[in-house]
Amino acid sequence: MRNIKYFLLLVLFAACNKPVPRNNEITKIEFAKIGTWLDRGAAIRIDSSLEYNYYRGASTAKDGKYYKGKITQAYWDTINKKLEELKYKTLDTTEHFGMVDGSAYEIIITWKNGKRRITRERDNKQDSILMTFDWINNTYKNVKLHPSNDSLKFETTYQLPPPTPKTDQVKFPPPNVKY
């Protein structure tokens with residue numbers, strides 16, 4: 001009888017120590033941010049294979065820097081939990097205020113049966129969506145990244161600065177002078 005108690009106790013402890021794997025529905029996220037006049041944007045792609053791709057923008061797309069890395073399963077689970085808390089499947093897809101000098105975010109969430117693109121602009125209020133987007137934007141700080149020679153392709157577009165207009169080709173007509 002005493003041996004059975006020890007055996008059952010051992011089985012109970014062994015069962016308690018096994019972590020239950022999380023069933024993440026999201027298979028990939030792509031996130032982009034463009035900021036104020038001096039912030040040239042960034043893009044992040046993370047997928048369920050734990051691949052982490054990062055683009056740090058510059059004055060032109062050619063000047064940007066590309067990085068690759070790996071994240072842990074626990075970090076991927078945390079990202080999934082944060083997006084699930086936002087109820088990403090039913091979240092309004094667009095919220096724009098027509099800002100001139102502020103941050104704008106774009107996220108494309110892909111899951112087993114669909115895809116959703118959500119955009120937001122930062123105004124003076126701080127809500128859970130913007131806090132989560134700021135958190136995702138800073139995930140690169142927790143990943144060991146290595147420079148990549150590849151030009152990584154992203155579905156997001158916010159990380160790219162708008163093309164600079166060519167002002168050297170602008171011609172002004174002579175003034176009309178009336179005497």
Side-chain angles (χ1 to χ4, degrees), residues 19-59 61 64-148 150-162:
V20 178
R22 182 166 168 37
N23 185 17
N24 294 319
E25 188 175 11
I26 298 172
T27 57
K28 178 176 77 168
I29 66 162
E30 287 203 23
F31 177 83
K33 176 191 177 237
I34 191 75
T36 58
W37 294 110
L38 298 176
D39 183 358
R40 292 300 184 172
I44 297 168
R45 178 178 44 243
I46 313 168
D47 61 31
S48 57
S49 67
L50 309 179
E51 291 288 328
Y52 190 102
N53 297 312
Y54 179 69
Y55 167 77
R56 180 76 215 154
S59 58
K65 306 272 190 235
Y66 297 93
Y67 300 91
K68 289 185 176 185
K70 282 280 217 188
I71 61 170
T72 64
Q73 184 64 46
Y75 204 46
W76 177 244
D77 292 346
T78 302
I79 293 168
N80 273 264
K81 279 186 216 175
K82 285 190 173 283
L83 292 171
E84 288 168 7
E85 287 171 2
L86 293 180
K87 298 180 174 53
Y88 65 90
K89 290 182 181 178
T90 58
L91 198 60
D92 287 339
T93 56
T94 304
E95 186 176 284
H96 292 287
F97 302 104
M99 298 186 65
V100 176
D101 190 18
S103 299
Y105 303 95
E106 172 186 25
I107 189 167
I108 301 171
I109 303 169
T110 306
W111 63 92
K112 295 172 185 163
N113 297 321
K115 182 189 277 192
R116 189 170 187 104
R117 180 178 179 266
I118 302 166
T119 60
R120 287 288 184 277
E121 288 181 356
R122 174 173 297 290
D123 63 349
N124 292 331
K125 70 177 181 178
Q126 184 75 352
D127 63 8
S128 61
I129 298 167
L130 292 174
M131 288 180 2
T132 301
F133 285 1
D134 281 336
W135 182 85
I136 292 171
N137 185 55
N138 290 317
T139 56
Y140 74 93
K141 295 175 182 176
N142 300 317
V143 179
K144 189 173 183 180
L145 295 172
H146 306 285
S148 174
D150 300 338
S151 295
L152 305 172
K153 302 290 183 204
F154 292 90
E155 284 184 64
T156 55
T157 59
Y158 277 32
Q159 72 274 13
L160 303 174

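- When every heavy atom of Glu84 is checked against every heavy atom of Glu25, the shortest pair comes out as OE2-N, 4.5 Å.
- Contact of the Tyr88 side chain with the Ile107 side chain is not registered, since no non-hydrogen atoms from C-beta on lie closer than 4.5 Å.
- Between the CD1 atom of Ile108 and the NZ atom of Lys28 there is a distance of 8.0 Å, given to the nearest 0.5 Å.
- Atom CD1 in Ile79 sits 11.0 Å away from atom CD1 in Ile109 (nearest 0.5 Å).
- Distance CG/Leu145 to CG/Asn53: 9.0 Å, rounded to 0.5 Å.
- Listed by chain and residue number, Asp47 satisfy the side-chain hydrogen bond (donor to acceptor under 3.5 Å, both in side chains) test with Ser49 (two or more places apart in sequence, or in another chain).
- Between the NZ atom of Lys87 and the CD1 atom of Ile129 there is a distance of 11.0 Å, given to the nearest 0.5 Å.
- Every pair passing salt bridge (Lys or Arg N to Asp or Glu O under 4.0 Å) that includes a residue from residues 128-146 is listed here, sequence neighbours excluded: Arg122-Asp134.
- The backbone N or O of Ala74 lies less than 3.5 Å from a partner atom in the side chain of Thr78, making a donor-acceptor pair.
- The side-chain heavy atoms of Tyr105 and Leu130, taken from C-beta on, include a pair separated by under 4.5 Å.
- To the nearest 0.5 angstrom, Leu83 atom CG is 9.0 Å from Glu85 atom CD.
- Between Arg117 and Glu106 there is a salt bridge, since a side-chain N of the basic residue sits under 4.0 Å from a carboxylate O of the acidic one.
- Note that the CG atom of Leu86 and the CE atom of Met131 stand 9.5 Å from one another [nearest 0.5 Å].
- The two residues Leu50 and Thr72 have their closest heavy-atom pair at CD2-O, 3.9 Å.
- Here the side chains of Val143 and Tyr67 are not in contact, with every heavy-atom distance at 4.5 Å or above.
- For Arg45 and Phe154, the positive end sits near the middle of the six-membered ring, less than 6.0 Å away and at most 45° from its axis.
- For Trp76, there are no ring pair (Phe, Tyr, Trp, His ring centres under 6.0 Å) partners at least two apart in sequence or on another chain.
- Residues passing the side chain to side chain contact (heavy atoms under 4.5 Å, CB included) test with Lys112 are Asn23, Thr27, sequence neighbours excluded.
- Pairing each heavy atom of Ser103 with each of Lys33, the nearest pair is OG-CE, 3.7 Å.
- Here Arg116 pairs with Thr93, Trp111, Ile118 under the side chain to side chain contact (heavy atoms under 4.5 Å, CB included) rule; sequence neighbours left out.
- A search for side-chain hydrogen bond (donor to acceptor under 3.5 Å, both in side chains) contacts involving Ser48 returns nothing, not counting sequence neighbours.
- In this structure, the side chains of Lys68 and Leu152 come closer than 4.5 Å at one or more pairs of heavy atoms.
- Using the six-membered ring where Trp is involved, Phe133 and Phe31 have ring planes that are perpendicular, over 60° apart on the 30 and 60° scheme.
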